[in-house]
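When a residue number appears, it is its place in the shown sequence, counting from 1. Only a predicted model underlies this, so the values are computations on that prediction, with no experimental measurement involved. Values below: all heavy atoms of this structure, side chains included; hydrogens, waters and symmetry mates excluded.
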Amino acid sequence: MDSDSEIEYDYYPRFRVYKNGRIERLVAETFVPPSLNPKNGIVSKDAVSSPEKNLSLRIYFPHTAVAGEENKKKLPLLVYFHGGGFIMGTAFSPIYHTFLTSVVSAADCIAVSVDYRRAPEHPIPIGYEDSWDAVEWIFRHISGSGPEDWLNENADFGRVFIAGDSAGANIAHHMGIRAGKERREFKISGMTLFHPFFLSRVGAVGYFEGLWDIASPNSDKGVVDPWINVVGSDLSGLGCGRVLVMVAGKDVLAREGWVYAEELKKSGWEGKVEVMETKGEGHVFHLRNPNSDRARVVVQRFAEFLK
């Protein structure tokens, strides 16, 4: 059997990775187009953030803010990173389009949903590098002379928030650390982590360990790699003042979310961290079942944080 057909990792029904490095994604990846026809009062459009890497992002905007000059006002800006274990998902999938439309409607903000290249074709740390490039692209609008008028005219760069779910929450954390470390003019007001994909020796979980191994084939550190073992890293330089960690009671990653919040308090970081637990629910349940009462509570709490 040749390496093109011999399976290295079988994550049926989601994906398979073959010994030659080829990945077969078994879940159809539906692209939802942006729309200038309001849905829940929200319009959206896509913008190319990196032509050389063929990367785009999606901007969500309250229709009333576009409709007329009399409605022009500065709105909080949310930068969102999608999940999927660094391997699956895109910023343009139905679950993220639905979620961010709901969030922008509830919070009366602007949201930018970031896409990044995925492993294993583009192993760690490429996803982080792409995400930082997107952050830099977004902050090019701080002077009012960037390529997107929605951001130039309406984004309040004094109220910027970053967020993500699962692997995207991991990315959001690292963007906050990098903003605090090397680009302090990038002011970030707050960060929300939905069911963050963090691992450690104590909190290692087989399924998620396997995902990390696939995503980071060039690392020999496993679950103690600083990219994934966030709770074992220096958190004191996190570049924002407020953090909200969302955890779900039945999520095997919930422990690391709680530990992250505790370590952040101990680190010397001078901000405020809160944890919201949804009991009886699993990993990213609010994306899988967006119409449930508990998902609506999560969206409302997030909106309150952004306001």
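- Ring pair Phe198/Tyr260 is tilted by interplanar angle, where 30° to 60° counts as tilted.
- Glu281 and Arg294 are joined by a salt bridge, as a carboxylate oxygen and a charged side-chain nitrogen come within less than 4.0 angstrom of each other.
- A 4.5 Å side-chain heavy-atom check between Trp212 and Val205 finds every atom pair outside the cut-off.
- Note: the hydrophobic cluster containing Leu199 does not contain Val284 (ILVMFWY, side chain heavy atoms under 4.5 Å, direct or indirect links).
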Report the C-alpha distance between Val104 and Phe61 in whole Å, list the side-chain angles of each, state the deciding distance to 0.1 Å, and finish with yes or no for side-chain contact (heavy atoms from CB on, under 4.5 Å). CA-CA 7 Å; Val104 171; Phe61 204 77; over 6 Å; no

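- Taking the six-membered ring for Trp and the full ring otherwise, Phe208 and His283 have centroids separated by under 6.0 Å.
- Annotation: Phe92 is not in aromatic contact with His97 [ring centroid separation under 6.0 Å not met].
- Checked for salt-bridge contact, Lys73 and Asp108 meet the test: a charged N lies under 4.0 Å from a carboxylate O.
- Electrostatic pairing of Asp130 and Lys53 counts as a salt bridge here, judged by a charged N lying under 4.0 Å from a carboxylate O.
- Ion pairing between Lys307 and Glu304 fails under the 4.0 Å rule for side-chain N and carboxylate O.
- Other residues, nucleotides and ligands contribute at most 12 non-hydrogen atoms within 6.0 Å of the NZ atom of Lys221.
- Rounding to the nearest 0.5 Å gives a distance of 11.5 Å between CG of Asp133 and CD1 of Ile126.
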Stepwise side-chain hydrogen bond (donor to acceptor under 3.5 Å, both in side chains) check, Asn40 with Thr101: CA-CA 7 Å; Asn40 291 347; Thr101 296; over 6 Å; no

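- Between Arg117 and Glu121, none of the side-chain N atoms (NZ, or NE/NH1/NH2) sits under 4.0 Å from a carboxylate O, so this pair counts as no salt bridge.
- When every heavy atom of Phe81 is checked against every heavy atom of Val79, the shortest pair comes out as CZ-CG1, 3.7 Å.
- Side-chain atoms of Ile142 and Phe186, non-hydrogen and from C-beta on, never get closer than 4.5 Å to each other.
- Within 6.0 Å of NZ on Lys45 lie more than 12 heavy atoms contributed by other residues, nucleotides or ligands.
- The shortest side-chain heavy-atom distance between Val103 and Tyr80 does not fall under the 4.5 Å cut-off.
- At a threshold of 4.0 Å, the pair Arg301-Glu274 counts as salt-bridged, since one of the basic side-chain nitrogens sits closer than that to a carboxylate oxygen.
- A salt bridge links Arg118 and Glu29; the closest N-O separation between the charged side-chain nitrogens and carboxylate oxygens is under 4.0 Å.
- Using modelled atom types and a 3.5 Å distance limit, the side chains of Tyr96 and Asp165 yield a donor-acceptor pair.
- Annotation: cation-pi pair Arg14/Tyr11 absent, no NZ/CZ under 6.0 Å from the ring centroid and within 45° of its normal.
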If you apply the rule ring pair (Phe, Tyr, Trp, His ring centres under 6.0 Å), what do you find for Phe157 with His141, and how did you get there? CA-CA 9 Å; Phe157 282 91; His141 297 80; 7.2 Å; no

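- In this model, a donor atom of one side chain and an acceptor atom of the other lie less than 3.5 Å apart for Tyr18 and Glu24.
- Side-chain atoms of Tyr60 and Arg58, non-hydrogen and from C-beta on, do get closer than 4.5 Å to each other.
- A cation-pi arrangement is absent between Arg22 and Phe15, since the terminal nitrogen or guanidinium carbon is not both under 6.0 Å from the aromatic centre and inside a 45° cone about the axis.
- Ion pairing between Lys279 and Glu277 holds under the 4.0 Å rule for side-chain N and carboxylate O.
- Counting only N and O atoms by type, the side chains of His82 and Ser113 include no donor and acceptor under 3.5 Å apart.
- If you take CD1 on Ile110 and CG on Asp156, they are separated by 9.0 Å, rounding to the nearest 0.5 Å.
- Ring centroid separation for the pair Tyr128 and Tyr116 does not come in under the 6.0 Å cut-off.
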